[in-house]
Amino acid sequence: MPETILPVRDYDLAGTLDSGQVFRWTRSDGDSPASSWTGVVGDRVVHLTQREDGIHAETPGSAGNWDWLRHFLQSDVDLASILKTFPDDEPMRRAVAACRGLRVLRQDPWECLASFILSSTKQIVQIRQIVANLCDCFGEPIIGNARRPCLTPHALPSAEKIASLTEVQLRSCKMGFRAPNLLAAARQVAGGQFDLERLRTMSYADALHQLMALRGVGKKIGDCVLLFAYGFDSAFPVDVWVERALRELYFPKRRPSEKKLRHFAATHFGPHAGYAQQYLFHYMRTKR
DNA sequence: GACCAGGACCATT
DNA sequence: AATGGTCATGGT
């Protein structure tokens, strides 16, 4: 089985894979002290383990030069230089101290868009379950991993595949009112009316505007896709946790208006605001 | 059994 | 511009 070591330091694999960016990774370390995870990147099953000398990776079948994994993990980015751009205030210092090595991943755009269309008013554990249902029922099986037939991993279904389904079939995955939104997005992507690749060439504002034209995609989900799939580091998704972080950590006592809060979020956190947002999010979710 | 969840959207004030 | 209801579902 192909394997490699990514000699990366300052990388919290567990925190990163469990910080609500991706929904298909499961811990597989039993009682071992090392943090070990299994997931799917594209059409490959990957097993990752965090050790002293870096992240150990193995995948059945062919791994090529592993660039696809370095890209997904963003293991070559200089985290320290990003942290330097964070505002020098008490909330950020606390969040950074509490989430050492937290990274922002780089996902496939369709997987990211589909996942976050399904994320609306759902807890992360439930998003995981919905995405798992969707992959198990309609994703392409990944062959060569048949430990047991019922555990055959599946890729996330393509836009074309989902576009060929019915709303009733999608609802069987327990995604509720999100089903028509996912179906509509899949049809537009599969039919070529919506070009996910073209977003790469656009400005942040234009790309966000495009995404928000999709039913079920507002500012928050649009920002998640731009940050997690396209690397627009200025995107600053504000969900209930981040809003709580802003109000509690930056405006205790006062009650800033929604508009004022959005202005603060858009101007205070610098060129890598998206990273700062992820630190605040994970900090709020894991403290206490 | 309430309450809430990585929201978006539409109808009222 | 700011609230309020609605949409499904299940964990805590």
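Just so it is clear: chains get the letters A, B, ... in the order the sequence lines come, proteins before strands, and each one is counted from 1.
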If you measure from CZ on A:Arg244 to CZ on A:Arg285, what distance do you get to the nearest 0.5 Å? 11.5 Å
What nucleic acid atoms does A:Arg244 come within less than 4.0 Å of, heavy atoms only: base, sugar-phosphate, or nothing? sugar-phosphate
Look at all strands and tell whether A:Val238 reaches a base, only sugar-phosphate, or nothing, counting heavy atoms closer than 4.0 Å. nothing
So does A:Arg128 pair up with A:Asp18, basic N to acidic O under 4.0 Å? yes
Would you write out the dot-bracket form of DNA chain B, 5' to 3', with Watson-Crick and G-U pairs under 3.5 Å, [ ] for crossing pairs, | for pairs to other strands and . for unpaired bases? .||||.|||||||
First contact, last contact: which nucleotides of DNA chain B are these for chain A, 5' to 3', heavy-atom distance under 4.0 Å? B:dA5 to B:dC10
Does one side chain, of A:Tyr204 or A:Asp233, offer a donor that lies under 3.5 Å from an acceptor on the other? no
Run the ring-centre check on A:Phe269 versus A:Tyr250 and record whether the distance is less than 6.0 Å. yes
Which residues pass the ring pair (Phe, Tyr, Trp, His ring centres under 6.0 Å) test with A:Tyr275, not counting sequence neighbours? none
Sequence neighbours excluded, which residues qualify as side-chain contact (heavy atoms from CB on, under 4.5 Å) partners of A:Thr121? A:Phe177, A:Arg178
Between A:Asp206 and A:Gln210, is there a side-chain donor-acceptor contact under 3.5 Å, judged purely by atom types and distance? no
Check: protein-nucleotides 4-11 of chain C nitrogen or oxygen pairs below 3.5 Å:
unit_1: C:dA8; atom_1: O4'; unit_2: A:Phe177; atom_2: N; d: 3.4
unit_1: C:dA8; atom_1: N3; unit_2: A:Arg178; atom_2: NH2; d: 3.4
unit_1: C:dT9; atom_1: O2; unit_2: A:Lys122; atom_2: NZ; d: 2.3
unit_1: C:dT9; atom_1: O2; unit_2: A:Gln126; atom_2: OE1; d: 3.3
unit_1: C:dG10; atom_1: O4'; unit_2: A:Gln126; atom_2: OE1; d: 3.4
unit_1: C:dG10; atom_1: N2; unit_2: A:Gln126; atom_2: NE2; d: 3.4
unit_1: C:dG10; atom_1: N3; unit_2: A:Gln126; atom_2: NE2; d: 3.3
unit_1: C:dG11; atom_1: O4'; unit_2: A:Gln123; atom_2: NE2; d: 3.4

On a heavy-atom basis, the closest approach of A:Ile221 and A:Gly216 is CD1-O, 3.6 Å
More than 12 foreign heavy atoms under 6.0 Å from CZ of A:Arg198: is that the case here? no
Checking side-chain polar atoms at under 3.5 Å, does A:Arg94 have a donor or acceptor matched by the opposite partner on A:Tyr283? yes
Rounded to the nearest 0.5 Å, what separates atom CZ in A:Arg103 from atom CD1 in A:Ile82? 7.5 Å
Contact residues, residues 207-227 of chain A to DNA chain B [heavy atom, < 4.0 Å]: A:Leu214, A:Arg215, A:Gly216, A:Val217, A:Gly218, A:Lys219, A:Lys220, A:Ile221
Minimum heavy-atom separation for A:Met284 to A:Ala245, with atom names? CG-CB, 3.5 Å
Pairwise P distance, B:dG1 and C:dA8 [rounded to whole Å]: 22 Å
Please list, by residue number, the residues of residues 96-107 of chain A whose heavy atoms come closer than 4.0 Å to an atom of DNA chain C; answer none if no residue qualifies. none
Partner residues of A:Phe251 under the ring pair (Phe, Tyr, Trp, His ring centres under 6.0 Å) criterion, sequence neighbours left out: A:Phe264
Taking the six-membered ring for Trp, is the centroid-to-centroid distance between A:Phe236 and A:Phe281 below 6.0 Å? no
Are A:Asp67 and A:Arg70 ion-paired here, with the side-chain N under 4.0 Å from a carboxylate O? yes
Using ring pair (Phe, Tyr, Trp, His ring centres under 6.0 Å) as the criterion, list what pairs up with A:Phe232, not counting sequence neighbours. none
B:dG6 to C:dT6 separation - P atoms, rounded to the nearest Å: 23 Å
Stretch residues 13-23 of chain A: residues that reach within less than 4.0 Å of DNA chain B through a heavy atom: A:Ser19, A:Gly20
Please give me every residue in residues 246-278 of chain A whose heavy atoms get under 4.0 Å of an atom in DNA chain B, ordered by residue number. A:Gln277, A:Gln278
As a test of understanding, state which of A:Asp108, A:Val217, A:Leu199, A:Leu182 forms a side-chain contact (heavy atoms from CB on, under 4.5 Å) with A:Leu113. A:Val217
Between A:Arg247 and A:Glu258, does at least one N-O distance fall below 4.0 Å, as a salt bridge requires? yes
Write down the distance separating the C1' atoms in B:dA5 and C:dA2, rounded off to the nearest Å. 23 Å
Residues which pass ring pair (Phe, Tyr, Trp, His ring centres under 6.0 Å) with A:Trp66, listed by chain and number, not counting sequence neighbours: A:Trp68
Please tell me whether A:Phe228 and A:Val40 are part of a single hydrophobic cluster in this structure, the criterion being side-chain heavy atoms less than 4.5 Å apart. no
